[in-house]
Amino acid sequence: MNAAGVGRIILYAHDVDAMVAFYAHHFGFRARTAFDEAMTELTPVEGGAVLLIQKAGASLTYGQSILELVFDVVDVDDFVKRATERGLVFSPVVQAEGYRYARTTDPNGNTISVSSRAFMPR
């Protein structure tokens with residue numbers, strides 16, 4: 001059997017430009033929109049899944065989907081400090097068993113975590 005990893009995540013947005021700016025500014029994604037495509041592709045600079053931002057239909061309400069994006073960072077406290085300086089508001093950093101994390105939301109109300117879980121000793 002061939003195992004498949006998550007390569008792309010589609011986020012639906014009423015304000016595509018706000019979502020693209022948010023992920024580019026706070027998480028370092030680079031945006032690419034092909035002329036004939038209905039979505040914007042956001043590529044992470046340092047590896048990870050690609051985000052696709054697509055215009056949402058009028059019937060979709062903010063925060064309706066059950067989704068949490070987790071960004072792996074070595075130093076959660078440093079990331080939160082730097083992101084806060086750029087205007088992003090996080091929950092307090094939580095110490096879990098062997099790792100730390102904090103949460104925020106994007107312009108659509110999707111939950112976002114930054115977590116050091118991926119770097120904890122196994």
Side-chain angles (χ1 to χ4, degrees):
M1 182 174 123
N2 290 332
V6 174
R8 287 168 181 66
I9 298 166
I10 298 175
L11 296 174
Y12 295 93
H14 293 290
D15 186 343
V16 172
D17 292 337
M19 291 287 279
V20 169
F22 175 86
Y23 284 100
H25 182 73
H26 292 296
F27 294 95
F29 281 79
R30 292 202 178 118
R32 183 185 72 78
T33 304
F35 179 72
D36 58 344
E37 290 184 318
M39 60 180 80
T40 300
E41 181 176 284
L42 296 174
T43 306
V45 175
E46 296 189 25
V50 171
L51 298 180
L52 299 168
I53 310 297
Q54 184 167 343
K55 181 74 173 167
S59 64
L60 185 70
T61 59
Y62 287 111
Q64 180 179 9
S65 63
I66 300 170
L67 169 77
E68 181 169 344
L69 297 177
V70 179
F71 290 90
D72 297 330
V73 297
V74 173
D75 187 334
V76 172
D77 296 275
D78 182 61
F79 185 94
V80 168
K81 179 180 178 269
R82 288 183 293 112
T84 300
E85 291 169 356
R86 293 189 309 271
L88 188 56
V89 177
F90 277 88
S91 67
V93 175
V94 175
Q95 177 65 54
E97 287 191 38
Y99 66 98
R100 295 173 68 75
Y101 69 91
R103 289 190 173 109
T104 188
T105 57
D106 70 16
N108 266 5
N110 296 309
T111 301
I112 297 169
S113 291
V114 291
S115 170
S116 62
R117 182 182 175 92
F119 304 102
M120 64 188 252
R122 301 279 176 197

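Below, all heavy atoms of this structure are taken into account, side chains as well, without hydrogens, waters or symmetry copies. The model shown is predicted, which means the values in this text are computed figures rather than measured ones.
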### Message
Walk me through whether Met39 and Ile53 qualify under side-chain contact (heavy atoms from CB on, under 4.5 Å).
### Response
CA-CA 5 Å; Met39 60 180 80; Ile53 310 297; 5.9 Å; no

### Message
The test is side-chain contact (heavy atoms from CB on, under 4.5 Å); show your working for Thr43 and Arg32 and say whether it passes.
### Response
CA-CA 8 Å; Thr43 306; Arg32 183 185 72 78; 5.7 Å; no

Looking only at heavy atoms, which two atoms of [X] and [Y] are closest? And how far apart?
{"X": "Gly57", "Y": "His14", "answer": "O-CE1, 3.1 Å"}
{"X": "Gly28", "Y": "Val45", "answer": "O-CG2, 2.7 Å"}
{"X": "Val76", "Y": "Val73", "answer": "CG2-CG2, 3.7 Å"}

[Y] reachable from [X] in the ILVMFWY side-chain graph, under 4.5 Å edges:
{"X": "Val50", "Y": "Ile10", "result": "yes"}
{"X": "Ile9", "Y": "Ile112", "result": "yes"}
{"X": "Val70", "Y": "Val114", "result": "no"}

### Message
Once salt bridge (charged side-chain N to carboxylate O under 4.0 Å, His left out) is applied, what residue pairs with a partner in residues 46-55 remain, sequence neighbours excluded?
### Response
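Counting only pairs at least two positions apart or across chains, no salt bridge (charged side-chain N to carboxylate O under 4.0 Å, His left out) contact touches residues 46-55.
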
### Query
Does some side-chain heavy atom of Tyr23 sit less than 4.5 Å from a side-chain heavy atom of Leu69?
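Of all side-chain heavy-atom pairs linking Tyr23 with Leu69, at least one is under 4.5 Å.
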
### Query
Considering residues at least two apart in sequence or located in another chain, which fulfil the side-chain hydrogen bond (donor to acceptor under 3.5 Å, both in side chains) criterion with Glu97?
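Testing Glu97 for side-chain hydrogen bond (donor to acceptor under 3.5 Å, both in side chains), a comparison that skips the adjacent residues, returns none.
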
To the nearest 0.5 Å, what is the distance between [atom1] on [X] and [atom2] on [Y]?
{"X": "Thr105", "Y": "Glu68", "atom1": "OG1", "atom2": "CD", "value": "11.0 Å"}
{"X": "Glu41", "Y": "Arg30", "atom1": "CD", "atom2": "CZ", "value": "13.0 Å"}
{"X": "Leu51", "Y": "Leu11", "atom1": "CG", "atom2": "CG", "value": "5.5 Å"}

### Message
Between Arg82 and Phe79, is the side-chain contact (heavy atoms from CB on, under 4.5 Å) condition met? List the steps.
### Response
CA-CA 5 Å; Arg82 288 183 293 112; Phe79 185 94; 3.9 Å; yes

### Query
Between Ser113 (side chain) and Ser115 (backbone), is there a donor-acceptor pair under 3.5 Å?
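No: the side chain of Ser113 does not pair with the backbone of Ser115.
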
### Query
Are the side chain of Asn108 and the backbone of Tyr12 linked by a donor-acceptor contact shorter than 3.5 Å?
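Side chain of Asn108 to backbone of Tyr12, a donor-acceptor pair under 3.5 Å: yes, one is there.
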
#### Entry: Ring centre gap for Phe22 and Phe29 strictly below 6.0 Å
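Aromatic pair excluded; centres sit 6.0 Å or further apart.
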
I'd like a table of donor-acceptor pairs (distance under 3.5 Å, sequence neighbours excluded) in which one partner is a side-chain atom from residues 87-95, with atom names and distances.
{"from": "Ser91", "atom 1": "OG", "to": "Arg103", "atom 2": "N", "distance (Å)": "3.0"}
{"from": "Ser91", "atom 1": "OG", "to": "Arg103", "atom 2": "O", "distance (Å)": "3.4"}
{"from": "Gln95", "atom 1": "OE1", "to": "Arg100", "atom 2": "NH1", "distance (Å)": "2.9"}
{"from": "Gln95", "atom 1": "NE2", "to": "Tyr99", "atom 2": "O", "distance (Å)": "3.2"}

